[in-house]
Amino acid sequence: MSEPPAGTRVLIVEDDAIIAMTAEDMLDELGCVTAATAATLTEALARAEDTDFDIALLDLNLKDESSLPVAALLRDKGKPFLFATGYDGLPADSGFVGSPLVAKPYRLSQLGEAIAGALA
């Protein structure tokens, strides 16, 4: 299994508290550090601007909103990110088809490999 470098700081953007806590536990097990969490688009955009992190894990759908504006901001800043979604890939018109993605529900090994790949 490919794993991210120890100490990798991750911004978690996830609207489901249980999934966010599970992701934090998995990241801890992988040797990563949770830099911040955000549950809404507004919070995610703010954390993307004011938090020091190495990569972001973006839930594609945040209640009635999308995390695509966060991905666009991160792309413009040159910051790596990956999407997490329970859907079959990203919408064709998202502008992010081909971006790193981990399918929910993901396992520890899948998350580790996705983060390591996105950072490579």
Side-chain angles (χ1 to χ4, degrees):
M1 174 174 95
S2 182
E3 292 188 359
T8 297
R9 298 161 299 170
V10 182
L11 167 62
I12 300 172
V13 176
E14 173 61 61
D15 62 344
D16 184 301
I18 301 287
I19 295 173
M21 288 187 289
T22 302
E24 286 185 64
D25 290 344
M26 288 181 166
L27 291 169
D28 186 52
E29 199 168 328
L30 289 167
C32 297
V33 176
T34 300
T37 58
T40 67
L41 177 59
T42 301
E43 288 176 343
L45 290 168
R47 296 302 74 80
E49 291 285 3
D50 67 15
T51 303
D52 192 18
F53 60 94
D54 300 306
I55 189 167
L57 175 62
L58 306 175
D59 179 13
L60 180 59
N61 292 308
L62 304 171
K63 302 263 185 264
D64 296 331
E65 301 175 304
S66 163
S67 66
L68 293 175
V70 182
L73 173 65
L74 296 176
R75 180 177 56 197
D76 292 347
K77 291 170 129 315
K79 289 287 244 182
F81 60 89
L82 62 108
F83 289 103
T85 183
Y87 297 102
D88 188 25
L90 298 168
D93 63 350
S94 68
F96 290 96
V97 173
S99 293
L101 176 95
V102 62
K104 290 180 179 180
Y106 45 82
R107 287 178 279 167
L108 181 67
S109 60
Q110 293 169 313
L111 183 60
E113 288 175 13
I115 292 172
L119 289 172

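Residues Pro80 and Asp54 have side chains not in contact (no heavy-atom distance under 4.5 Å, counting atoms from C-beta outward). A 4.5 Å side-chain heavy-atom check between Met26 and Tyr106 finds at least one atom pair inside the cut-off. Annotation: side chain of Ile55 is in contact with side chain of Thr8 (closest heavy-atom distance under 4.5 Å). Residues Glu14 and Leu58 have side chains not in contact (no heavy-atom distance under 4.5 Å, counting atoms from C-beta outward).
Distance check: Leu111 CG to Glu3 CD gives 10.5 Å after rounding to the nearest 0.5 Å. Taking OG1 of Thr34 as the start and CD of Glu24 as the end, the distance is 4.0 Å to the nearest 0.5 Å. In this structure, Lys79 NZ and Thr51 OG1 are separated by 9.5 Å, a value rounded to the nearest 0.5 Å. Remark: Asp50 CG to Leu11 CG distance equals 9.5 Å, nearest 0.5 Å. Interatomic distance, CG of Leu108 versus CG of Leu27, reported as 9.0 Å (0.5 Å rounding). One finds the CZ atom of Phe81 at 10.5 Å from the CZ atom of Phe53 (value rounded to the nearest 0.5 Å).
Pairing each heavy atom of Ser94 with each of Leu68, the nearest pair is CB-CD1, 3.9 Å. The minimum heavy-atom distance between Leu74 and Ala56, with the atom names listed, is CD1-CB, 3.6 Å. Between Asp15 and Ala39, the closest heavy-atom pair is CB-O, 3.4 Å. Of all non-hydrogen atoms in Gly112 and Pro4, the two that sit nearest each other are O-CD, 3.4 Å. Scanning both residues, Thr37 and Arg47, for their nearest heavy atoms gives O-CG, 4.1 Å. Between Ala118 and Leu82 the shortest heavy-atom distance is CB-CD2, 4.1 Å.
Cluster annotation: Val10 and Leu119 are assigned to the same hydrophobic cluster (Ile/Leu/Val/Met/Phe/Trp/Tyr, side-chain heavy-atom contacts under 4.5 Å, transitive). Linking ILVMFWY side-chain heavy atoms closer than 4.5 Å, directly or via other members, places Ile19 and Leu30 in a single hydrophobic cluster.
Every pair passing side chain to side chain donor-acceptor pair (under 3.5 Å) that includes a residue from residues 58-72 is listed here, sequence neighbours excluded: Asp59-Lys104.
Remark: side-chain polar atoms of Glu49 are not paired, donor with acceptor, to backbone N or O of Ala46 under 3.5 angstrom.
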* Asked: Can Ile115 and Val102 be said to form a side chain to side chain contact (heavy atoms under 4.5 Å, CB included), step by step?
  -> CA-CA 9 Å; Ile115 292 172; Val102 62; over 6 Å; no
